[in-house]
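Here is the structure we will look at.
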Amino acid sequence: MIDFSPEEDETSPAVATPRFVGRDRELAVLRGALARPPAIVLVEGEAGIGKSRLLREWSATPDRHTALVSVCPPLRESLTLGPIVDAFQDIEHPLPGEGLTELAGALRPLFPEWSSSLPPALPPLDDAKAARHRLFRALNELLRALRVDVLVLEDAHWADEVTCEFLLFVISRQQSGGPSLVISYRPEEVADGSLLLRLTSRLPAGVTQLRIALAPMRPADTAALVSSMLDGEPISQEFTTFMHGRTGGVPLAVEESVRLMCDRADIVFRDGQWVRLKLRELRVPPTVRDSTRERVSRLSPSAQQVLRAAATLAGRSSTATIAATANLSPAVCRAAIAEAAGAGVLDGDEHGWWRFRHVLAATAVYEAIPLTDRRHFHLLAGRALEQLRPPPVARLAHHFREARETNSWLRYAEQGAELAIASGDHTKAVDLLVDLLSRAVLPPVDRARVAGIAGVAALGRREQVDEVYHRVIRTLRSVLGTPGLSARQQAEIRNPLGRLLITVGEAQAALSELEQAVDNLDHDPVEAARAMTYLGWAYAGPWPASTHRRWLDRAAALTARIDSPEQRLNLAGNRAAALLMLGEQEAWDVVAGLPADGSTAAERLDVARIHVNVGTGALIWGRYTDAEHHLAVALRLAEAEQASRLQHNVRLEQANLAWNTGRWDGLAETSAALADADRDRPAHYLGSMRLAARLAAATGRRRAAEEQFRLVLEESARLGAADDTMEAAAALARLWLTDGDGRRALRITDEPMDTVRRKGVWIWATDLVPARVEALLATGDPAAAKILTDRFARGLRGRTAPAPRAALALCRALLLGASGDHARAATAFDRTARAWNVLPRPYDALRARERQAEALVAQGRIEAGRELLAVQYEQLFRLGARGDADRLAQLLREHGAEVPRLWRGGRRGYGDQLSPRELDVVQLVVAGKTNRQISRILAKSPATVDQQLRAAMRKLKVSSRTALAVKAVEAGVFADEV
C-alpha cells in the first residue's frame with residue numbers, strides 16, 4: 001500500500017518573492033517610449049494592479065538613465081511639494097558645482113541640509129504666484145544640473161496641488177530639454193477638479209506620449225505568479241481557477257493570498273504540483289482588507305450602505321434590488337452606486353446590473369458589517385429577490401438561511417434542489433438540502449421528506465466518492481434519530497442511505513439499512529424492487545445464496561408489474577449482475593438481452609453501470625473476453641456522460657483484467673494512480689491495494705506484499721465485503737506455504753473458507769480453494785483436501801466458469817502430486833496449465849507448468865523437468881514476475897542446471913544508485929508505511945528516515961511519495977529480493 005496521508009505526502013511551501021509575470025509587453029513599450037525623449041508616460045490602474053512593480057522592473061533594466069523616483073504618500077493632508085523634495089533627498093552624490101545659478105538659492109527653504117552647497121538665499125517676493133514660479137524654475141534647474149533623465153511620480157492621485165502644478169511646469173518646458181516624466185496613478189481615486197486631470201488630458205504636442213492601462217492578469221499569468229512564489233513548481237488547474245476567480249487577477253491580491261494560505265498551511269505539494277487543501281473559501285489578506293476598508297471609508301454614508309447591500313447580495317444585482325436591500329430610495333441609491341462605481345469599487349454591465357469588481361473586496365466589506373446587522377441585510381435581500389421572475393431560489397435559500405427565516409429557507413431550498421436535480425447538478429442539490437438539515441430545526445415530517453430527497457440527489461452524483469457522500473450519510477443517519485418518524489418515513493431514508501453505503505464500501509451496514517427499509521416500501525414498487533435487488537447481492541452479510549436468491553425472485557415478481565421500460569431495464573441489469581455474483585448460470589441469459597446504449601443521458605449512465613457490474617462478474621467467472629467487452633461498453637458510455645466516478649470503476653476493473661491476462665506493462669503506475677484516486681472509497685481503495693499486492697508478490701517484494709494483503713483482508717472483513725477476503729487470504733497462505741508454514745496458511749484461510757461454505761458461492765473460491773488444499777496437504781490431511789476438492793466440484797456443476805474450473809483442475813493435480821503418482825500429476829498440471837492459458841491467465845499457467853516440471857523431476861525425468869523449468873524461468877522473468885523467476889533460478893541450480901543471465905532493465909538506471917538503507921525505506925513506502933511506522937520497523941529515528949526518504953526521492957528524480965513508489969517499481973529496484 002502506498003501512503004497518501006497529508007502528514008507524510010505533502011510538503012509545506014517556502015514562499016519566495018514573486019517573479020515579474022504577465023507584463024512583458026507593457027515593459028517593452030515603456031522602455032521604447034523613454035528611449036525617445038522627451039517623453040510623458042502615464043501608468044494607470046487600480047490598487048495592487050502592479051504599477052510600482054512595472055516601474056521597478058524598468059528601473060532595474062540596463063538602460064543608461066538617471067531616474068529620480070518620488071512617491072506620494074496617502075496622507076490626510078498632502079505636504080506641499082513633499083514627494084518632489086523627498087525624491088531629491090535620495091541623491092547620494094554631492095550637488096554639482098556647475099549648472100546652478102543664483103536662482104537655486106530659492107531652494108534653501110526646501111533643502112536646508114544642502115545650505116553649504118547652494119547659492120545664497122534670494123530675497124522674498126510679495127507675490128505668492130511669482131514666488132512659486134521662481135521655485136519651480138529653481139527645481140527644474142536642479143533636475144537639469146543633476147542630469148536627471150526621467151522623473152517618476154508614483155501614486156500621483158495622492159499628490160498635492162503644488163506638486164501637480166510643478167509637473168505641468170516641467171511638461172511645458174520639455175521641448176527645450178529636461179527630464180521625461182513617468183506618472184502612475186489610480187484613475188478612480190483622482191478627485192474631480194484635480195490638476196492631475198488637466199495633466200493627463202492635455203498632453204503637449206512634440207513629445208513622445210504613452211498611456212499604459214494595466215489590466216488584471218489572465219488565469220495563466222495568475223498561475224505563473226503563484227508558481228514563482230512556490231519553488232517554481234506548477235499549480236493545479238483547480239487551484240488556478242480558484243485563485244483567479246477569487247482575486248480577479250490582481251497581482252497584490254494574488255501575492256498576499258498565497259502568503260496567507262502558506263501561513264495557514266492551506267497549500268501542499270502533491271503529485272508534482274501545488275494544490276489547495278480546501279477550495280471553498282479564501283480569506284481576505286490583511287493588506288487587501290485594510291486597503292478596501294480605507295477606500296470605502298472615504299465614501300459617503302449612502303455609498304457605504306450601497307456597498308454593504310451589494311456585498312450581502314454577493315452577485316450581479318439591479319439598482320432596484322440594491323436599493324431595496326440598502327433600504328434607500330431609488331434616486332439616492334443611483335447616486336450612491338455612481339459614487340461607488342466612480343471610486344472603482346463597483347462594476348456595472350450593459351444591463352445596468354452591478355457587483356463588486358473583486359470578490360475579495362466584497363468579502364472585506366461584508367466581514368466589516370456587524371453581525372447584528374447582517375441578518376437584517378439578508379432579510380431585505382431575500383425580500384427584494386423574491387420580486388424577481390423567475391425567483392433565484394438558491395440565492396433566496398441562502399439569504400433566508402442567514403436571516404434565520406426557517407419557513408422561507410425550507411421552501412426555497414427544496415425548490416432550488418429540484419431545479420438543480422433537473423439540470424443535472426446533483427451536488428448543488430445535496431449542498432442545499434444537507435445544509436438545511438444540519439442547521440435548521442424542522443418538524444419531523446419536513447425533516448424526513450428533505451432527507452429522502454437529499455439521499456436520492458446524492459445517488460445521482462457522477463463525481464468520485466468525496467466528503468459530500470460521507471456528509472450525506474452522516475446527515476441521513478442523524479435524521480433517522482429524529483423522534484416521531486413513521487416506519488414509512490424511515491424506510492424512505494434508509495433506502496437511499498443503504499445504496500450510498502454500498503457506494504462508499506460499507507457493505508454490511510448497507511444490507512442492514514436496506515433490509516429494514518424494504519418491508520415499508522410497498523407504496524413504491526420500483527424502490528421496493530430496487531432495494532430487494534440490492535439485498536440479492538451476495539457480497540456481504542451472513543445469508544446463504546438461497547436467501548439472496550429469494551430476494552432477487554421477489555424483486556423479479558415486482559418488476560413484472562412495473563410499466564416503465566427504463567425502470568425495468570435498470571432492475572433487470574442489476575438482477576443480472578447479482579445473479580453473476582451468486583454464480584447462477586441463468587445470469588448470462590439476462591446479460592445477452594442487455595442494450596449497449598440508451599436514448600437519454602440517464603439511460604446511458606444506467607446502461608454503463610450495468611455493464612461495469614457485468615464486467616466485474618465476468619472477471620470472477622474467468623470469462624475475460626466477455627469482461628473486456630462489457631467494460632469497454634461501460635467506459636464508452638461513462639466517458640460520453642463525463643461520469644468520472646463510473647469511469648474510475650471501469651478502469652479499476654480493466655486493470656484487474658490486465659493483471660489476469662498478463663498485460664502487466666504500466667500496472668505499477670496504474671495501481672499507484674488508482675490508490676491515490678480511491679482514498680475516500682474503501683472498497684475500491686482495497687481493490688487498488690490488491691492489485692499493488694499482486695505486483696509486489698510477483699516481483700518478490702515479500703514484505704510489501706504481505707503488508708498489503710493483510711490490509712486488504714482485515715479491511716474487507718471489517719467492511720463486511722466477504723468476497724474481497726478470498727484472494728487476500730489465499731495470497732497470504734501461498735506466501736507462508738513457501739516458508740513451509742502450512743498451519744499458518746491453514747489458519748488464514750479458515751474464515752474465508754467458512755464464508756464460502758456458508759454462502760454456497762463457490763465461484764468466489766478460484767484462489768482460495770487451491771491454497772486451502774495445499775495447506776491441508778502440507779499439514780498432513782489429504783482426506784480433508786479431497787473432501788474440499790469434491791465440494792468445490794459440486795459447487796461449480798453446471799456453470800461455465802473457466803477460472804474456477806481451472807482452479808479445480810489445479811486442486812486435482814495437487815492431490816495427485818501428494819499421493820505420489822507423479823506421472824499422473826505431471827499430466828494433470830499440464831492439463832491445468834492449458835486450462836489457464838485458454839482464459840488466458842498466463843501467470844497461473846506458468847506456475848502450473850512449474851509444478852509440472854517438479855512432478856517430472858520427481859518422476860525421474862530430470863532433464864525434461866529442468867528444460868521445462870528453464871522455459872518457465874525465462875517466461876516468468878519476461879512477464880515481470882521477477883520473484884517467481886528468482887525462485888525458479890534457485891530450483892534450477894539445485895537440479896544442477898545453468899541459469900541463463902537475463903537483463904533486469906531498470907536496475908541499470910536507478911537501482912544501483914540507492915543505498916541498502918534507502919532501499920529498505922523505499923520498500924516500506926511502497927508497502928504503505930508512514931515515516932513514523934518506518935522508524936519503528938527499522939529502529940531508526942524519524943529524522944533519519946526522513947533524510948533517507950528525501951535522498952531516495954532525489955536520486956530517482958521524483959517529488960512525491962506516490963511517484964517514488966511508481967519509479968521504484970518500474971526501475972526494478974526490488975527485483976532481487978526474496
Please answer whether the main-chain N or O of Leu713 pairs with a side-chain N or O of Ser716 as donor and acceptor at a distance below 3.5 Å. no
Ionic contact status for Arg449 with Asp446, cut-off 4.0 Å: yes
Have Arg530 and Thr533 got a donor and an acceptor in their side chains that come within less than 3.5 Å? no
Is it true that Arg690 and Glu653 have a side-chain N and a carboxylate O under 4.0 angstrom from each other? no
Side chain of Thr547, backbone of Trp543: donor and acceptor closer than 3.5 Å? no
Are Pro391 and Leu385 close enough that some pair of their side-chain heavy atoms sits under 4.5 Å apart? no
Tightest non-hydrogen contact, residues Met581 and Trp764, listed as O-NE1, 3.1 Å
Contact between Asp553 and Arg575 at the side-chain level, heavy atoms closer than 4.5 Å - yes or no? yes
For a salt bridge (charged side-chain N to carboxylate O under 4.0 Å, His left out) check, start with the C-alpha distance between Glu527 and Arg488, then their side-chain angles and the critical distance, and finish with the verdict. CA-CA 12 Å; Glu527 286 305 312; Arg488 174 172 169 174; over 6 Å; no
With the side chain counted from C-beta on, respond yes when Glu566 and Ser599 share a heavy-atom pair under 4.5 Å apart, and no when they do not. no
Tell me, please, whether Trp588 has Arg623 positioned over its six-membered ring: NZ or CZ under 6.0 Å from the ring centre and within 45 degrees of its axis? yes
Take Thr241 and Gln237 through the test side-chain hydrogen bond (donor to acceptor under 3.5 Å, both in side chains) and record every step on the way to the result. CA-CA 6 Å; Thr241 302; Gln237 182 58 51; 3.3 Å; yes
Taking Ile562's backbone N and O only, do any of them form a donor-acceptor pair with Arg568's side chain (distance below 3.5 Å, no angle check)? yes
Apply the test side chain to side chain contact (heavy atoms under 4.5 Å, CB included) to residues Leu410 and Leu436: give CA-CA distance (whole Å), side-chain angles for both, the deciding distance (0.1 Å), then the verdict. CA-CA 7 Å; Leu410 170 63; Leu436 177 66; 3.5 Å; yes
Regarding Arg401 and His398, do their side chains bring together a donor and an acceptor under 3.5 Å, going by distance alone? yes
Using 0.5 Å steps for rounding, measure from the CD1 atom of Ile453 to the CG atom of Leu432. 11.5 Å
For residues Ala457 and Ile421, report the shortest heavy-atom separation together with the two atoms involved. CB-CD1, 3.8 Å
May I ask you to check whether Arg447 and Thr482 show a side-chain donor-acceptor distance below 3.5 Å? yes
From Glu727 CD over to Leu768 CG, what is the distance, rounded to the nearest 0.5 angstrom? 10.5 Å
I'd like to check Arg805 versus Thr800 (side-chain heavy atoms, cut-off strictly below 4.5 Å). Are they in contact? no
Which pair of non-hydrogen atoms, one from Ile620 and one from Thr766, has the smallest distance, and what is that distance? O-OG1, 4.3 Å
Take atom CD of Glu418 as the centre, draw a 6.0 Å sphere, and report whether it contains more than 12 heavy atoms from other residues, nucleotides or ligands. no
Side chain to side chain contact (heavy atoms under 4.5 Å, CB included) between Val633 and Val612: does it pass, once the steps are laid out? CA-CA 8 Å; Val633 171; Val612 73; over 6 Å; no
What's the spacing between Asn649 CG and Thr616 OG1 if we round to 0.5 Å? 8.0 Å
If you round to the nearest 0.5 Å, how far is CG of Leu657 from CG of Leu631? 6.5 Å
Using side chain to side chain contact (heavy atoms under 4.5 Å, CB included), reason through Met532 and Leu552 one step at a time and then give a plain yes or no. CA-CA 6 Å; Met532 291 173 185; Leu552 291 175; over 6 Å; no
Over all atoms of both residues, closest heavy-atom pair of Ala728 and Val712: CB-CG1, 3.9 Å
Are any non-hydrogen side-chain atoms of Leu646 and Arg609 less than 4.5 angstrom apart? yes
Would you find a donor on one side and an acceptor on the other, under 3.5 Å apart, between the side chain of Asn837 and the backbone of Pro840? no
Could you name each residue pair satisfying salt bridge (charged side-chain N to carboxylate O under 4.0 Å, His left out) that touches residues 627-638, not counting sequence neighbours? Asp597-Arg636, Glu628-Arg663
Centroid-centroid under 6.0 Å between Trp836 and Tyr843 rings: no
Does Glu586 come within less than 4.0 Å of Arg549, counting only side-chain N to carboxylate O? yes
Under a 3.5 Å cutoff, is there a donor and acceptor pairing between the side chains of Asn570 and Gln567? no
For the residue pair Tyr534 and Asn574, what are the closest heavy atoms and their distance? OH-ND2, 4.4 Å
Quick one, Glu639 with Arg604, criterion salt bridge (charged side-chain N to carboxylate O under 4.0 Å, His left out). Give me CA distance, side-chain angles, the key distance, then yes/no. CA-CA 10 Å; Glu639 287 179 339; Arg604 286 189 288 274; over 6 Å; no
Is it the case that the side chains of Thr427 and Arg461 hold a donor-acceptor pair, with the cut-off being a distance below 3.5 Å and no angle test? yes
Could you tell me whether the side chains of His523 and Glu492 share a donor-acceptor contact shorter than 3.5 Å? yes
Any non-hydrogen side-chain atom of Val838 less than 4.5 Å from a side-chain atom of Pro802? no
So does Leu580 get a backbone contact from the side chain of Trp621, meaning a donor-acceptor N/O pair under 3.5 Å? yes
Euclidean distance, Ile763 CD1 relative to Met726 CE, rounded to 0.5 Å: 11.0 Å
How long is the gap from CD on Gln508 to CD on Glu506, to the nearest 0.5 Å? 11.0 Å
Could you list the residues that satisfy ring-ring contact (aromatic ring centres under 6.0 Å, His included) with His426, not counting sequence neighbours? none
Report yes or no: does Asn660 contribute a side-chain atom to a donor-acceptor pair with the main-chain N or O of Asn656 at less than 3.5 Å? yes
Between Gln490 and Ser486, do the side chains contain a donor N or O and an acceptor N or O under 3.5 Å apart? no
Please test Asp435 against Trp409 for side chain to side chain contact (heavy atoms under 4.5 Å, CB included), starting from the C-alpha separation and ending with a verdict. CA-CA 11 Å; Asp435 186 49; Trp409 177 13; 3.8 Å; yes
Quick one: are Tyr624 and Arg841 in side-chain contact, heavy atoms under 4.5 Å? yes
Heavy atoms only: give me the nearest Ala608-Ala634 pair and the separation to one decimal. O-CB, 3.4 Å
Are Tyr469 and Arg474 linked by a side-chain donor-acceptor pair shorter than 3.5 Å? no
Does Leu535 offer a backbone N or O that forms a donor-acceptor pair with the side chain of His548 under 3.5 Å? yes
Val756 vs Val761 side-chain heavy atoms within contact, under 4.5 Å: no
When Asn495, Leu514, Leu558 are each screened for side chain to side chain contact (heavy atoms under 4.5 Å, CB included) with Leu521, the one that passes is Asn495
